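Notes follow the structure.
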Amino acid sequence: MNKAIATSIAAFALTGCASIFNGPTQAVTINSVPEGANVSVTNSAGEKVHNGATPLTLTLKRGAGYFKSESYTIAYSKAGFAPKEVTITGSMSGWYIGNILFGGLIGMLAVDPVTGAMYVLPETVNHSLDAEAPKTSQADGSLTVVSTESLTPAQMTQARLIAATAK
């Protein structure tokens, strides 16, 4: 009985608060509007972690090394929509601060920073994709008429008046 209690105390003393409550990985749900967008997830080392379609839930590592949170680039693509890239990065977990009260220096300086458990990622990543403007080819001599209100300043510099009518 004393051996079991001593083992439990030693196990608790050699872990960090965030390691106990968070663990080294976290589930992250990735959504898009519209659904069904292709998603490629890459970690900070440039390694592709996952390819799939939204909505999806992945288990991602919280840390990228000693006292370094992991960050992920999520690349969305879908036919008819402009591609989009989003980066998510871990932030410090409140459980890491619990080491001051419970985990001590071992949890604060060794266990939680090594496991990455001291960081927390966003639980959900939601993004809307913008519809792509239709592509027009001017090589066939066609003419596109648009309202000047819908043009950007850069497009306005290339606009040319075709004819002016007197009223």
Side-chain angles (χ1 to χ4, degrees), residues 11-12 14-100 102-103 106-140 142 144 146-147 149-158:
F12 184 75
L14 295 176
T15 59
C17 281
S19 294
I20 293 169
F21 292 101
N22 288 343
T25 60
Q26 179 181 336
V28 176
T29 300
I30 301 172
N31 298 307
S32 69
V33 175
E35 288 186 351
N38 296 318
V39 172
S40 174
V41 182
T42 308
N43 67 13
S44 60
E47 300 166 343
K48 198 163 279 193
V49 176
H50 186 80
N51 281 324
T54 61
L56 61 101
T57 300
L58 303 174
T59 300
L60 301 174
K61 290 166 92 177
R62 296 173 189 263
Y66 187 65
F67 275 107
K68 185 175 181 191
S69 71
E70 185 62 272
S71 65
Y72 295 93
T73 300
I74 304 168
Y76 294 89
S77 64
K78 185 170 175 112
F81 295 87
K84 188 174 213 173
E85 277 194 5
V86 177
T87 301
I88 61 170
T89 304
S91 58
M92 190 177 301
S93 167
W95 288 114
Y96 177 67
I97 305 304
N99 284 312
I100 296 170
F102 303 112
I106 293 172
M108 186 171 259
L109 298 177
V111 179
D112 289 347
V114 168
T115 63
M118 68 183 285
Y119 300 107
V120 63
L121 296 164
E123 290 181 9
T124 306
V125 180
N126 298 311
H127 282 287
S128 295
L129 302 178
D130 299 323
E132 267 185 344
K135 295 182 178 162
T136 58
S137 170
Q138 297 299 321
D140 63 359
S142 65
T144 302
V146 296
S147 168
E149 295 171 357
S150 66
L151 297 176
T152 65
Q155 292 170 324
M156 280 300 293
T157 61
Q158 297 177 357

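None of these values were measured; they are calculated from a predicted model. Hydrogens, waters and symmetry mates play no part in the numbers below; they use all other heavy atoms, side chains included.
Under the rule for a side chain to side chain donor-acceptor pair (under 3.5 Å), Ser69 has no partner lying at least two apart in sequence or in another chain. Partners of Thr89 according to the side chain to side chain donor-acceptor pair (under 3.5 Å) rule, which considers only residues two or more places apart in sequence or in another chain, do not exist here. For Ser91, there are no side chain to side chain donor-acceptor pair (under 3.5 Å) partners, not counting sequence neighbours. Legend: residues meeting side-chain contact (heavy atoms from CB on, under 4.5 Å) with Asn43, ordered by chain and number and at least two apart, are Ala45, Glu47, Val49, Glu70, Tyr72.
The closest side-chain heavy-atom distance from Val120 to Arg62 is below 4.5 Å.
Closest approach of Ser44 to Ala64, counting heavy atoms only: OG-CB, 4.0 Å. Between Leu129 and Ala37 the shortest heavy-atom distance is CD1-CB, 3.7 Å.
The main-chain N or O of Gln26 is never found under 3.5 Å from a side-chain atom of Thr59 such that the two would form a donor-acceptor pair.
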Can you give me every donor-acceptor pair (side chain of residues 74-88, partner residue at least two apart or in another chain, under 3.5 Å) with its distance?
| unit_1 | atom_1 | unit_2 | atom_2 | d |
| --- | --- | --- | --- | --- |
| Tyr76 | OH | Asn31 | O | 3.3 |
| Lys78 | NZ | Glu35 | O | 3.0 |
| Lys84 | NZ | Ser128 | O | 3.0 |

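Rounding to the nearest 0.5 angstrom, the gap separating the OG1 atom in Thr25 from the CG atom in Leu121 is 10.0 Å. In this structure, CG in Leu60 is found 6.5 Å from CD1 in Ile30, a value given to the nearest 0.5 Å.
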